[in-house]
Amino acid sequence: MLPHQQIESALQAAVRAVLPDADAAAVLVRPCDPKFGDYQSNALMALAKARKLNPRQLATDVLARLDLAAVCEKVEIAGAGFLNFRLSSCLLTQTLAAAARGEHLFFDQAAQPKTVVIDFSSPNVAKPMHVGHIRSTGIGDALQRTLRLLGHRVISDNHIGDWGTQFGYILVVWKDFQKNAPAALQRHLESDPIGTMGAFYKYGRVAGQINDYEDLEGSDWVQSTPEVQDQLARAELVKLQAGDPENTAIWKEMIRLSQVQFEAIYARLGVKFDFALGESFYNPWLGEVVADLLTRGIARESEGAVGVFSDGSVPPKEDVFLVNRDGEWIPDPALVRKSDGGFNYMATDLATLDYRLKTWKPDEIVYVVDDRQAGHFKKLFLTFARWQPDAAKQVKLVHVGFGKIMGDDGKPFKTRSGDTVKLGDLLAEAEERAFKIVSEKSSELPEAQRKEIARVIGLGAVKYADLLPNRQSDYIFSWDKMLALLGNTAPYLQYAYARIKSIFRKAEAQSAIRNPQSAIALAAPEELALAKHLLNFGLTLEAVAEELRPNYLCNYLFELAVHFSRFFENCPVLKADDAPTRASRLALCDLTARVLKQGLDTLGIEVVEQM
RNA sequence: GCAUCCGUAGCUCAAUUGGAUAGAGCGUUUGACUUCGGAUCAAAAUGUUGCAGGUUCAAGUCCUGCCGGAUGCACCA
């Protein structure tokens with residue numbers, strides 16, 4: 001058990017002894033400002049308040065029952081009733097020595113592993129993946145890696161948008177090309193399948209957005225009015241939904257072409273999914289879901305559509321099924337079936353939820369989706385709770401929302417020409433920019449190696465910049481900032497790692513290879529600060545898993561790199577005064593490198609030995 | 001109009017969900033043995049946390065009202 005856990009469990013035991021009826025599990029310990037101690041707890045003040053006790057007296061009583069002689073040098077009461085713990089230096093070195101022997105890396109497997117379904121990335125068929133997808137993909141991947149590292153059972157599922165109204169528009173233009181200009185269709189699909197399908201969609205909705213207008217000279221589509229075009233698109237969609245063989249074949253081809261793109265991007269990003277069950281997978285169940293909702297009286301018909309309405313269980317202000325229009329509360333239902341008989345994504349999401357619960361029996365389902373859909377998820381979760389109350393009690397449903405990526409001008413990030421930035425282009429540019437910098441700084445390295453370093457640094461910079469801000473806020477995208485190579489960036493962390501590796505290359509040359517059994521001796525303040533920070537790795541991972549916020553880990557790793565840099569500056573390793581000090585410092589370097597590597601890996605970021 | 005989220009240093013962002021004197025980075029100023037990798041480190045300056053009240057041992061965080069911004073408001077996902 002790691003020191004902070006020993007402190008926590010001893011403290012909880014003492015609280016139980018003093019206040020048998022208190023919820024001792026809520027008494028937590030966390031790292032604190034070094035001037036107070038290594039760890040602190042403020043939970044006693046809350047307990048005292050709830051019981052109208054004197055907080056300092058309660059702290060004194062708890063302290064009297066607290067046996068931490070083996071763990072802490074000092075435990076004291078401070079301020080209004082804080083408990084401050086100073087770690088025993090002996091235990092600190094023992095913990096580091098155990099880590100050096102490979103017994104742990106400052107984190108434990110979860111005592112009670114959970115089963116968690118994570119739904120993230122969710123690109124759309126026939127559309128290019130754009131900058132926005134880096135957020136869901138990066139955050140989702142970091143979360144699945146964190147939970148897996150802590151021993152939880154994770155099922156990652158890419159809920160691909162392979163069904164929906166957009167296919168009507170694409171189908172109608174696709175078929176129009178097929179009929180009037182088959183050679184042009186072939187040419188477009190071969191040169192840029194995703195761009196072509198995207199253009200078909202846009203063209204279907206906004207005429208004139210495709211360059212090869214002349215390819216369709218004389219077609220029915222082009223000569224039709226917008227209203228007629230909409231009707232044509234809807235007709236194609238209905239045929240697809242009814243299983244029309246021709247439309248189904250084209251639709252399958254669209255999925256195939258899109259998957260080539262998705263797989264290329266995921267391979268590049270190093271992201272893996274356990275499943276990729278797209279929306280269409282759930283089609284067979286949609287009718288049953290809606291019928292069941294109707295039978296149970298949860299949904300009803302309205303204006304030809306089927307929707308779930310307010311059940312009046314909460315005041316109008318808190319009711320997501322109501323909306324205020326000009327001072328009047330009117331229904332804002334969750335529609336599950338459109339008036340044309342088609343199903344929408346609320347029906348699909350309900351069927352998906354049902355399927356996931358029955359198939360994987362998760363404790364938790366996490367949706368990593370844009371904050372703009374917060375309202376949708378509220379309705380989804382509430383509707384599900386009404387539909388399957390017992391099942392809903394068994395699972396925690398969480399919408400992990402995130403903000404937008406903005407440009408320098410404070411508006412959504414676009415290219416100079418005003419288009420959305422494609423994810424592939426963004427990654428390519430990151431690697432190119434990194435290559436220029438690497439070539440400048442390390443011109444002595446062979447080109448192939450510089451390319452590989454640039455790949456790792458460029459991708460790392462993009463991912464880290466996206467994970468660092470609190471996910472709920474919008475953030476401003478800046479090439480210069482993310483590739484700055486100093487400050488709180490991925491390259492700075494990768495640099496710290498590369499410096500440590502350089503020490504070991506030299507150490508090996510000096511045949512001063514580290515001995516995993518060597519004793520750890522911490523004397524300098526920089527050594528102590530680094531060592532204590534290493535101990536907090538597990539704490540941080542748990543916080544990420546609990547709050548579903550990878551930025552905690554980013555900040556932890558940045559601080560680790562800062563602590564290491566200070567240590568490196570002040571404490572000679574290879575040139576240490578004596579052999580034991582050198583061995584101890586080598587061990588500290590090695591542990592830092594291992595935590596940096598593991599931590600970055602948990603964020604989906606690679607490291608290089610040299611850069 | 002109604003709801004949700006947000007407003008923190010010149011700029012970009014944190015703040016472990018109510019904890020101790022609100023912290024980083026960039027930028028600015030100054031300094032560090034031709035360096036175990038200077039892509040580094042150290043030091044300095046910058047704040048009425050949008051405004052005004054309230055709750056309590058303690059508020060950037062919770063409540064109320066304003067001001068400003070983003071997003072969403074039945075048949076797109």
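Quick note on labels: first sequence line is chain A, next is B, and so on, each numbered from 1. As a basis for the values below, the full set of heavy atoms in this structure was taken, side chains included, without hydrogen atoms, waters or symmetry mates. Quick caveat, the model's predicted, so the values are computed rather than measured.
Stacking here means ring centres nearer than 5.5 Å and ring planes tilted less than 30 degrees, and by that measure A:F558 does not stack onto B:rA24.
Scanning atom types as modelled, one donor and one acceptor separated by under 3.5 angstrom connect the side chain of A:R549 and the base of B:rU17. Side-chain atoms of A:S339 come within donor-acceptor range of the base of B:rC75, with a qualifying N/O pair under 3.5 Å. The base of B:rU17 lies close enough to the side chain of A:E547 for a donor and an acceptor atom to sit less than 3.5 Å apart. Taking 3.5 Å as the limit, the base of B:rA20 and the side chain of A:N84 contain a donor-acceptor pair of atoms between them.
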- Task: Could you please spell out the steps behind the side chain to side chain contact (heavy atoms under 4.5 Å, CB included) verdict for A:D474 and A:I405?
- Result: CA-CA 6 Å; A:D474 296 343; A:I405 303 179; over 6 Å; no

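In this structure, of B:rU4, B:rC76, B:rC2, it is B:rC2 that holds the atom nearest to the side chain of A:W329. Side-chain atoms of A:R325 lie closest to B:rC73 of the nucleotides B:rC73, B:rU40, B:rA77. In this structure, of B:rU16, B:rU40, B:rU4, it is B:rU16 that holds the atom nearest to the side chain of A:P31. Here B:rC57 is the nucleotide among B:rC57, B:rC41, B:rC13 with the atom lying nearest to any side-chain atom of A:A80. Listed candidates were B:rA15, B:rA20, B:rC57. Nearest to the side chain of A:K49 is B:rC57. Closest to the side chain of A:K338, out of B:rG72, B:rA39, B:rC75, is B:rC75. Ranking B:rC6, B:rG1, B:rC13 by closeness to the A:Q472 side chain, first place goes to B:rC6. The side chain of A:A305 approaches B:rC75 more closely than any other nucleotide in the set B:rC75, B:rC41, B:rU4.
A residue-by-residue look at A:Y345 and A:Y475 shows that A:Y475 has its nearest nucleotide of RNA chain B further toward the 5' end. Residue-to-nucleotide proximity on RNA chain B shows that, of A:A561 and A:N124, the 5′-proximal contact is made by A:A561.
Under the 6.0 Å cut-off for aromatic ring centres, A:F537 and A:Y556 qualify, their centroids lying closer than that. Taking the six-membered ring for Trp, A:Y169 and A:F200 have ring centres at least 6.0 Å apart.
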Check nucleotides 28-37 of chain B for protein N or O atoms closer than 3.5 Å to its own N or O atoms and list the pairs.
from	atom 1	to	atom 2	distance (Å)
B:rC36	OP2	A:K575	NZ	2.8
B:rC36	O3'	A:K506	NZ	3.2
B:rC36	O2	A:L574	N	3.2
B:rC36	N3	A:V573	N	3.2
B:rC36	N4	A:F568	O	2.3
B:rC36	N4	A:C571	O	3.2
B:rG37	OP1	A:S502	OG	3.1
B:rG37	OP2	A:S502	OG	3.4
B:rG37	OP2	A:K506	NZ	2.7
B:rG37	O2'	A:Y495	OH	3.1
B:rG37	O2'	A:R499	NE	3.0
B:rG37	N7	A:S502	OG	2.8
B:rG37	N1	A:M611	O	3.4
B:rG37	N2	A:M611	O	3.2

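Classified by interplanar angle (parallel below 30°, tilted 30° to 60°, perpendicular above 60°), the ring pair A:F477/A:W479 is perpendicular. Ring planes of A:W163 and A:W251: perpendicular class, angle over 60° (limits at 30 and 60°).
As judged by a 4.0 angstrom heavy-atom cut-off over every strand, A:D33 is placed among residues making no nucleic acid contact. The residue A:I476 sits close only to the backbone: its heavy atoms come under 4.0 Å of sugar-phosphate atoms, none of a base. If you check every strand for non-hydrogen atoms under 4.0 Å, A:A374 touches nothing. Heavy atoms of A:P469 sit under 4.0 angstrom from primed sugar atoms or phosphate atoms, though from no base atom.
Using a 4.0 Å cut-off between charged nitrogen and carboxylate oxygen, A:E328 and A:R325 do not count as a salt-bridge pair.
Cation-pi geometry between A:R386 and A:F321 is met: the NZ or CZ atom falls under 6.0 Å from the ring centre, inside 45° of the normal.
Rounded to an integer number of Å, the gap from NZ of A:K317 to C1' of B:rG1 is 14 Å. Between A:K379 atom NZ and B:rC75 atom C1' the separation is 12 Å, expressed in whole Å. Rounded to an integer number of Å, the gap from CG of A:L535 to C1' of B:rU16 is 17 Å. Put simply, CG on A:D119 is 13 Å from C1' on B:rA77, counting in whole angstrom units. Atoms CG (A:N42) and P (B:rA20) sit 9 Å apart, rounded to a whole Å. To the nearest angstrom, C1' of B:rA20 lies 13 Å from CD of A:E76. Taking atom CZ on A:R471 and atom P on B:rA70, their separation rounds to 23 Å, with Å as the unit. Here B:rA14 presents its P atom at 12 Å from OH of A:Y464, a figure rounded to the nearest Å.
Only the P atoms considered, B:rU40 is 41 Å distant from B:rA52, to the nearest whole Å. Spacing between B:rA39 and B:rU71 at atom C1', rounded to whole Å, works out to 40 Å.
Side-chain atoms of A:Y475 and A:N470 include no donor-acceptor pair closer than 3.5 Å. Side chain to side chain, A:D349 and A:Y367 fail the donor-acceptor criterion of an N or O pair below 3.5 Å.
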